[in-house]
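To find a chain, count down the sequence lines: A is the first, B the second, and so on, and within it residues start at 1.
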Amino acid sequence: MNTPKRYLITAALPYANGPVHIGHLAGVYVPADIYARYLRLRGRDVKFVCGSDEHGVAITIKARQEEVSPKEVVDKYHNMIKQSFDQFGITFDIYSRTTSKVHYETASEFFKNLYDKGLFVEQTTEQFYDNEAGQFLADRYVSGTCPNCHNDGAYGDQCESCGSSLNATDLINPKSALTGTKPELRETRHWFMPLDRYEDFLRNWILEENKDWKSNVYGQCKSWLDNGLQPRSISRDLNWGVPIPLPDAEGKVLYVWFDAPIGYISATKELTTDWEKYWKDQETKLVHFIGKDNIVFHCVIFPSILQADGTYILPDNVPANEFMNLENDKISTSRNWAVWLHEYLDDFPGKQDVLRYVLTANMPETKDNDFTWKDFQDRNNNELVGILGNFVNRAMVLTNKYFDGKVPQSGSLNEEDQTVLADIKQYKAAIEDNLEHFKFREALKEMMNLARLGNKYLADNEPWKLIKHDEQRVKTILNISLQLTANLAILAEPFLPNTAVALKEFINQPDKKWEEAGSGQLLETGHELNKPSLLFAKVEDEEIQKQLDKLINARQKAEASDIEPAKEEISFDEFNKMDIRVGTVLEAEKVPKTKKLLKLTIHTGLDKRTVVSGIAEHYQPEEMIGKQVCILVNLAPRKIRGIESQGMILMAENGEGKLVSVVPDEKFQEGAVVR
RNA sequence: GGCGAGGUAGCUCAGCUGGUUAGAGCGCAUGAUUCAUAAUCAUGAGGCCGCGGGUUCAAGUCCCGCUCUCGCUACCA
C-alpha cells in the first residue's frame, strides 16, 4: 500500500443533548485520537475533524421539557463536550458544530447542488397542519371518525375498531392530538434521496473494492444491500435545523442524517482554506471513526450523497467499533448507567492516560466489551504502575544512584544486549503495523511489551549486584535500559500522550520523531537526565468502591425520576367506561414467527376469548396457563398478525420495559369486576 | 421470524489463504529476587476451540443443521 499524500480523519459528531461517556470514548474518540496522533508523529499530513451534532427532534423535545430554547440546550452541551474532550486530550484540529454559519452555508449548498442536478425525488402530499401548535402532524397525531366503521376514536394511521389502515386525510372530523383543535390540510413537499439508484455503485464499491473492511462493518453493509435500498426522505417539517434552501419551503429543514455528515465537510472548511484538497483529491485517505450504530449512515447513505455530487472522495475505511458495556450492563443515558467523561476528569484529575489505557486495552473492536472499575484498578496497578511505571523508575533510579544521573557509556554488547536492541525495532514495527490496520488493542500490547522487555532485561542482568565488581558492565546495561526508556517516550505517545511528555521530561529530551524510534542511540553518552517522579499512582480500593457506589446511586435516582408523569384528570364516568374483569388463562402459545407475542385463550366469566399480548419476552406460555389475570374486555377488537385479539391483559411496566402481570390477591371468581 | 456479528483457558481476547504437542495478557499456585509504588522475574496448573453432522490424508480454521449472546428489522391496545 502506498503512503497517502494526506489524511482526513473524522470522528462521529456527538449529539448535543447530553455529555460524553466512556462508551463514546472507547468506540470512537480514543481510537481516532490514537490514529491521528500516530500519523502526525510520523510527519504525515493529517486533519482530524469533529463537532457537535445539534439539530433534530430530540433536541427540540429536550428544550421543551427544560423550558428553554433549542439553542440554549445545544450551547450547554456543546461547550461541555468540547471542554471535556479538550481536557481529556483528544487532539481535534477543529471541534465545530452544526449550528455554525459555515455549516448552514455548506449544507444548503450541498442540497441546492444536488437539487439543481435533479438528483432528488420530490413528492407533494397533503398533510394536516395544526395552526395552534404551528406544525405539521404525523398521522398518528390525528384522530377522528373512521370512514369505514364510523368509530370515533380512529387514529390517522389506523382504525383500531375495524382494523383497517388509513391515511389521516381519510378521517371524518379530524382532530389534532396535540391541541384538540381541527387541523387544516396543507400541501407539504418533501425530497427523497433515491438510494435504490445507488445500489449498483454501492455493491461494487463496498462488496468488491473494500473486502478488507472490518467484518462487522462489511457484514452490516451487505445485509442492507441484500435487503434492497429504499428512497429516504431528507427533509422534515421542523423549525430547528438547516432550512431547505428553496422558495416555498418555510418550516422545512434538512433531516439530520443528511445534515450531520456534511458537518465533517463544514468543519474542514472552517479549519482550512485548503479544505478541498482533503475532500476532493484522490490522494487523500478519508477515514471515518464511528460506533456500530452509525454504520449505515457512513457506509451507505453518506457515500451515496458524496457520489451523487461526484466531486468528493469516498472513505477509504470505516473502522466502526462495537459497544462498551459498563459493569455487565448496557450503558444507558436515560437510566444514568454511565461513566461521564466530565465527571471522570473531576474525580481522577491528571489520570487521563489511565482511562485512555483501560479503554484501549478493552476496546470493543470485534465485539461488545465490558468496562468494570475492578479492571480499571487492576490494569492501573498491575500494568501501568507495575510494568511501565516501574521499569522507567528502575532505570532512572539506578542511573541516578550509580552514575549521578548521566547516561553511562555502553561497552561491548553481548548477545542479550543485541537481542534487546533488535527487539525494540521489532516492537516498533509491530506497533506500526497494528495501528495502520486499526488494531489498537494489539498495538498497545506491543508497546507494553517493550516495558516488559525492560523489566526482564534488568532482572536477568541484575546490575545492582554487578555494581560491586563490574562497573563497566553495569554502564552498558543501564545505557541500554535508558535507550529503551527513550524509545518508550516516543512509542507511548499515541496511546498515553501525557505519560510520553513526562517521560521526555525525565530523560531531558523533548523532541524526537517517531521515525527515530527503534534506535539504540537516542541518548548520547553523558547526556544529563532530570530527576524522575512517579509516572502512575496506585488506585486504592476505596476509590473504586466510591465509583461503584456512585453508579448505583445515580441509577436509583434516574429510575426514581423516570416515572411517567401523571396523566390528565378524568371523570368517574370516563373510568367507568372500562370494563375490567378477572379472568383465567386456559391456553397459551407463542404466535409463530414473532418474538414478543403470545396468543392466550382466556375464560372471562362472560365467555372464552382470544387475546394476543406482547408479553412473550417476559412470560413463557406454560407459566401463563392457569394464571389469573385482569383483562379489559370491552376494548375494540383488533387483528394482530392475522389473529383477532379481543381485549387486553393488564400489565405493569417499569422504566426498563420489564412487564409484570397484575393479578388478584387470591384465587378469584372469573368475571369479577375490577374497579 | 429475517439479516448481520460473535460464542477459543477463571476473565479479556489472538489464531491469515485448513497442516507438527491450540496462543497472549490478567488472575491463580510455586519458586527466585530486592534497584523499584510488596513493584519485578521464572516455572506451572488450567481448554471435548458453543452442540451435532459432513468434506478431507488432515479442521478452532471449509460446508450443513442446531443452540446461546449482541445489534438492525417486523410483530407489542
Side-chain angles (χ1 to χ4, degrees), chain A residues 153 155 158 160-161 163 214-227 291-293 295-296 320 322-323 325 330 361-372 374-375 378-379 381-402 434 439 441-442 444-446 448-449 451-452 454-467 474 477-478 481 532-538 590-598 611-618 632 635-638 640-643 645-651 653 657 659:
Chain A
Y155 290 111
Q158 185 158 37
E160 296 187 350
S161 186
K214 288 175 64 169
S215 60
N216 56 338
V217 176
Y218 187 90
Q220 276 250 352
C221 293
K222 190 168 186 315
S223 172
W224 273 85
L225 290 169
D226 288 348
N227 285 330
K292 66 173 163 185
D293 50 331
I295 290 173
V296 63
E322 303 283 300
F323 285 154
N325 292 326
K330 276 179 214 176
N362 290 326
M363 196 172 280
E365 286 176 348
T366 51
K367 60 181 179 189
D368 290 358
N369 215 328
D370 197 31
F371 177 96
T372 65
K374 177 77 174 72
D375 181 68
D378 284 345
R379 289 204 185 264
N381 292 359
N382 301 327
E383 299 179 29
L384 291 177
V385 174
I387 295 168
L388 179 55
N390 187 35
F391 167 66
V392 170
N393 192 237
R394 295 169 87 185
M396 295 294 294
V397 167
L398 287 168
T399 307
N400 277 324
K401 206 170 199 169
Y402 302 147
N434 282 307
K439 294 181 172 179
R441 265 194 328 231
E442 195 60 25
L444 179 73
K445 210 178 202 172
E446 296 291 352
M448 289 300 283
N449 278 341
R452 285 197 174 88
N455 277 319
K456 180 170 165 51
Y457 181 68
L458 285 179
D460 287 352
N461 287 286
E462 302 183 308
W464 49 92
K465 278 187 183 166
L466 289 176
I467 192 67
V474 174
I477 294 166
L478 286 182
S481 299
S533 51
L534 295 174
L535 278 179
F536 301 100
K538 285 208 159 190
K590 240 184 131 172
V591 179
K593 298 185 178 185
T594 67
K595 207 192 283 184
K596 299 186 180 174
L597 300 183
L598 285 189
V611 170
V612 177
S613 186
I615 58 172
E617 286 178 312
H618 304 87
L632 180 60
L635 183 68
R638 175 170 171 188
I640 301 166
R641 287 257 134 188
I643 304 166
S645 179
Q646 304 159 308
M648 177 174 166
I649 304 294
L650 267 47
M651 289 274 158
E653 181 174 7
L659 298 181

Next on the checklist: Between B:rC28 and B:rC66, how many Å separate the two P atoms, rounded to a whole number?
Outcome noted: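 One P to the other, the span is 43 Å.
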
May I ask you to say what [X] touches in the nucleic acid, namely base, sugar-phosphate or nothing, with a heavy-atom cut-off under 4.0 Å?
X        : value
A:Arg379 : nothing
A:Asn369 : sugar-phosphate
A:Lys292 : sugar-phosphate
A:Lys538 : base
A:Val397 : sugar-phosphate
A:Phe391 : nothing
A:Leu650 : nothing
A:Lys222 : nothing

Measure distances between side-chain N and O atoms of A:Asn390 and base N and O atoms of B:rA36, and say whether any donor-acceptor pair falls under 3.5 Å.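 Looking at the base of B:rA36, it does pair with a donor or acceptor on the side chain of A:Asn390 (distance under 3.5 Å).
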
Counting only Watson-Crick and G-U wobble pairs with both atom distances below 3.5 Å, the stems of 3 or more consecutive pairs that include RNA chain B are B:1-7 with B:67-73, B:10-13 with B:23-26, B:28-32 with B:40-44, B:50-54 with B:62-66

- Query: In terms of side-chain heavy atoms of A:Asn382, which of B:rC13, B:rC26, B:rC41 is nearest?
  - Reply: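 Closest of the options to the side chain of A:Asn382: B:rC26.
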
Compare side-chain N and O positions of A:Arg441 against OP1 and OP2 of B:rA14 and report whether any pair is under 4.0 Å apart.
-> yes

